[in-house]
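This report concerns only the one structure given below.
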Amino acid sequence: MSAKTAERKAVARKDLTYGQWIRKEMKRNWVAYLLILPYVLVFTLFTVVPVILSVVISFTNFNMLQMPDIVWIENYINLFFADDVFLTACTNTFIFAAIVGPASYLMSFLVAWFINELSPRIRSIVTLIFYSPSIAGQVYLIWGTLFAADSKGWANAALMEIGVLTEPHKWFQDANTVMPLCIVVALWTSLGTSFLSFIAGLQGVDRSLYEAGAVDGVKNRWQELWYITLPSMKPQLMFGAIMAITGSFGFGAVVTALAGFPSVDYAAHTIMHHLEDYGGQRYEIGYSSAIATVLFLIMVGANAVVKKAISKVGS
Amino acid sequence: MAKLRTRKHKVVLSRSAGGDAGITIMLTLLGAFMVLPMIYVVSQSLKPLDELWMYPPKFLVSRPNLGNYRDLFTLMNDSWVPFSRYVFNTVLTSVGGTFGHLFLASMAAYALAKIKFPGGKFIFKTIQTSLMFHSTVTAITSFIIMSALNMIDTYWAIIIPAWGSTLGLYLMKQFMDTAVPDTVLESARLDGASEIRTYWTIAMPMVKPAWLTLIIYSFQGLWNAGASTYIYSEQLKSINYAISQITAGGIKRQGASAAATVLMMAVPILVFVISQSNIIETMGSSGMKD
């Protein structure tokens, strides 16, 4: 028996109260606190405190210049009842996230599953092809050239050639086409971390389960997927979902780069843009903190719902 | 009873030809969607001026040359702040941010994965929750905190927040959970090794794939970082910012802009090619249990 388990036996005795036991454990493991301290300090300062601070500031009219007054929920009332642009931004964000999130998740999983049985060499090449757009910096700007507004744009030229269009279409300046195009571009850059996680998860599924499944009457690859593969990679599915959801709310920069800011008729205006507008340009920090808080709640809420749904897979 | 077929000692299920064909078609279509824009950008960067302006535009270059790359370097030499300064800035913040993150996150990951202590679970849960929201949410209040700490317009504004990024710590902790057996650590402790020694000489060498993954993730983020709201001074800005300034010159710089994009994307893609197997190995333990 190791020293550590012996000690744990000792603290299970009834002669210590819970408080005493905690204090004893904390003292015994002081090195652990030392090890996490630097990271936790930075994490607290740049992640935890900003979230709390933004909730606090959202109840004030802080503008970086004057002493802030507490205005309670006035910012939120204005946001939901007086700010039409915010409601447009909400709708756009939901449409965007509801399409990009699930579609990128599904695409990541399907591609990972399709290539799972290929030879390792071919698999790594295909992985590279699908993964590259997500790490290649600002390469998505090429979509701006492909769908340029004049007849030199490749899409316009091709469509005019076959007679679908008679004159060049302004893809990113037309309220009807800007949003769908941005969604396509976002999808193009979305096979990132969750994709890699799925590839690894599929590789890690215990081969003997498939053999056992075959003996037990699993007939085709779809049954195999549903009864064996998906349940055995539930942790990856969970992690991938979180990456996909968080990512689907984070495409503001792609939209700004392609559609400009503000986009035509606010057709591609998302909550992120609204936040940037009030916080980064108008310095209405109180109001923008309310926007940030709403966005935070939406993201964490969406994640919580999806996590619950995935925990039911295969059960 | 399902049909069994043996292929190199492995039992595999019968695969219908229709399914195989369907998957191949889907994969080809999706692959084309992914790869064509990448090919287009490379092709654009090699087009001579008259081909860039040709109507109807051609997808592929017919007479490739390196004129656009030459133009790009000429434009770089003309910039007000020497271009090497932008390179230096990006390299400094990428290296400083990445190594600080590796060091801090691996220490914390070791403690969270391998030592049971009061509060450990809570701390990890909190960190895990922060994977669920995008950093734009905290951008404005981070600015306030940084100005309170006098970090605005210094390299620290880029470097220090990178130390506390979440994904790296999460992947490192999950990898340590599976890759470092408790029994090895126990016997080291019994031999009298201190916890810090165990972390450094035993656990760390066992999680090299996770190091590499963490380094690459952090480096990619910092390398691709454009203009930061925390930096005003021209001489502290990143390469990506400088290149976006060059290419913002509009339509006449289309060729140079494509050349710049190709050069910038080559770095993270090459890094990924070299490290792919290690990253996939790390991702094997990325799953979230609850």
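Hydrogens, waters and symmetry mates are skipped; everything else that's a heavy atom, side chains included, is used. Just so we're clear, the structure is a prediction, and the values are computed from it rather than from any experiment. Within every chain, numbering begins at 1; the chains are lettered A, B, ... in the order of the sequence lines, protein sequences first and strands thereafter.
Listed options B/Ser142, B/Ser277, B/Ser285, B/Ala260 were ranked by heavy-atom pairs under 4.5 angstrom with chain A; first place goes to B/Ser142. For the options A/Leu146, A/Val51, A/Ile298, heavy-atom pairs under 4.5 Å to chain B are most numerous at A/Leu146. Note: B/Tyr217 leads B/Tyr217, B/Trp163, B/Tyr110 in heavy-atom pairs under 4.5 Å with chain A. Put simply, of B/Pro118, B/Gly164, B/Ala111, the one with the most heavy-atom pairs under 4.5 Å next to chain A is B/Pro118. Contact count versus chain B (heavy atoms, under 4.5 Å) is highest, among A/Leu295, A/Val300, A/Val139, A/Leu41, for A/Val139. Between chain B and the residues A/Val111, A/Ile245, A/Thr127, the largest count of heavy-atom pairs under 4.5 Å involves A/Thr127. For chain B, the option among A/Gln236, A/Met243, A/Met160 with the highest count of heavy-atom pairs below 4.5 Å is A/Gln236. Among the candidates A/Trp188, A/Phe296, A/Phe43, the residue making the largest number of heavy-atom pairs closer than 4.5 Å to chain B is A/Trp188. Between chain B and the options A/Ala157, A/Ser208, A/Ser124, heavy-atom pairs under 4.5 Å are most frequent for A/Ser124. Per-residue heavy-atom pair counts under 4.5 Å with chain A were compared for B/Val271, B/Val267, B/Leu52, B/Leu167, and the maximum is reached by B/Leu167. Put simply, of B/Ala139, B/Gly284, B/Ser286, the one with the most heavy-atom pairs under 4.5 Å next to chain A is B/Ser286.
Between the CG atom in A/Leu196 and the CD1 atom in B/Ile280 there is a gap of 5.0 Å [rounded to 0.5 Å]. Distance CZ/A/Phe249 to NE2/B/His134: 11.5 Å, rounded to 0.5 Å. Expressed to the nearest 0.5 Å, how far CE of B/Met34 lies from OG of A/Ser132 amounts to 8.5 Å. Atoms CG and OG1, from B/Leu131 and A/Thr193 in turn, are 10.0 Å apart once rounded to the nearest 0.5 Å. With values rounded to the nearest 0.5 angstrom, B/Met283 atom CE is found 11.5 Å from A/Phe195 atom CZ. Distance NZ/B/Lys116 to CZ/A/Arg28: 10.5 Å, rounded to 0.5 Å.
For the pair B/Asn224 (side chain) and A/Ile135 (backbone), a donor-acceptor distance under 3.5 Å is present.
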- Message: Assess the residue pair A/Ser54 and B/Thr141 against the criterion (side-chain hydrogen bond (donor to acceptor under 3.5 Å, both in side chains)); give the C-alpha distance rounded to whole Å, side-chain angles, the decisive distance to 0.1 Å, and a yes or no.
- Response: CA-CA 6 Å; A/Ser54 102; B/Thr141 34; 4.9 Å; no
- Test side-chain contact (heavy atoms from CB on, under 4.5 Å) on B/Phe117 and A/Met26 and set out the steps. CA-CA 6 Å; B/Phe117 60 97; A/Met26 286 175 79; over 6 Å; no
- Message: Could you walk me through whether B/Ile196 and A/Leu34 satisfy the side-chain contact (heavy atoms from CB on, under 4.5 Å) test, starting with their C-alpha distance in whole Å, then the side-chain angles of each, then the deciding distance to 0.1 Å, before giving a yes or no?
- Response: CA-CA 10 Å; B/Ile196 291 178; A/Leu34 191 72; 4.0 Å; yes
- Query: Checking side-chain hydrogen bond (donor to acceptor under 3.5 Å, both in side chains) for the pair B/Tyr40/A/Thr145: CA distance, chi angles, key distance, verdict?
  - Reply: CA-CA 10 Å; B/Tyr40 189 63; A/Thr145 318; over 6 Å; no
- Query: Could you go step by step and tell me if B/Thr261 and A/Ile142 meet the side-chain contact (heavy atoms from CB on, under 4.5 Å) rule?
  - Reply: CA-CA 9 Å; B/Thr261 311; A/Ile142 197 63; over 6 Å; no
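Heavy atoms closer than 4.5 Å to chain A are found nowhere in B/Met264, neither backbone nor side chain. In this structure, chain B has a heavy atom under 4.5 Å from the side chain of A/Tyr33, while its backbone stays farther away. No part of A/Trp222 comes within reach of chain B, as not one of its non-hydrogen atoms sits under 4.5 angstrom from that chain. Only the side chain of A/Val40 comes within less than 4.5 Å of a heavy atom in chain B; its backbone stays farther off. Both the backbone and the side chain of B/Leu27 come within contact range of chain A, judged by heavy atoms closer than 4.5 Å. With a 4.5 Å cut-off on non-hydrogen atoms, B/Phe143 touches chain A through its side chain but not through its backbone. Contact of A/Thr293 with chain B is not made at all, since no heavy-atom distance falls under 4.5 Å. Contact of B/Ser257 with chain A is not made at all, since no heavy-atom distance falls under 4.5 Å. Contacts between B/Glu281 and chain A at a heavy-atom distance below 4.5 Å are absent for every atom of the residue. The part of B/Ile279 that comes within reach of chain A is its side chain, from C-beta onward, which places non-hydrogen atoms under 4.5 angstrom from that chain. Contacts of A/Met272 with chain B are made by side-chain atoms alone, with heavy-atom separations under 4.5 Å and no backbone atom involved.
Scanning all heavy atoms of the two residues, the minimum distance from A/Met299 to B/Met132 falls at CB-O, 3.5 Å. The minimum heavy-atom distance between A/Leu275 and B/Thr136, with the atom names listed, is CD2-O, 3.6 Å. In plain terms, the two heavy atoms of A/Leu35 and B/Met107 that are nearest each other are O-CB, 3.5 Å.
Shown are A/Ile285, A/Ile57, A/Leu53; of these, the side chain to side chain contact (heavy atoms under 4.5 Å, CB included) with B/Ile140 is made only by A/Ile285. Of the residues listed (B/Leu169, B/Leu104, B/Ile123, B/Ile127), the one engaging A/Ile36 in a side chain to side chain contact (heavy atoms under 4.5 Å, CB included) is B/Ile123, and it is the only one.
In the displayed structure, B/Phe59 atom CZ is contacted under 6.0 Å by more than 12 heavy atoms of other residues, nucleotides or ligands. By the 6.0 Å contact criterion, CH2 on A/Trp113 is enclosed, its count of non-hydrogen atoms from other residues, nucleotides or ligands being greater than 12.
Under the 30°/60° scheme for interplanar angles, the aromatic rings of B/Phe272 and A/Tyr131 are found to be tilted. Ring pair A/Tyr39/B/His101 is tilted by interplanar angle, where 30° to 60° counts as tilted.
The side-chain heavy atoms of B/Leu171 and A/Phe239, taken from C-beta on, include a pair separated by under 4.5 Å.
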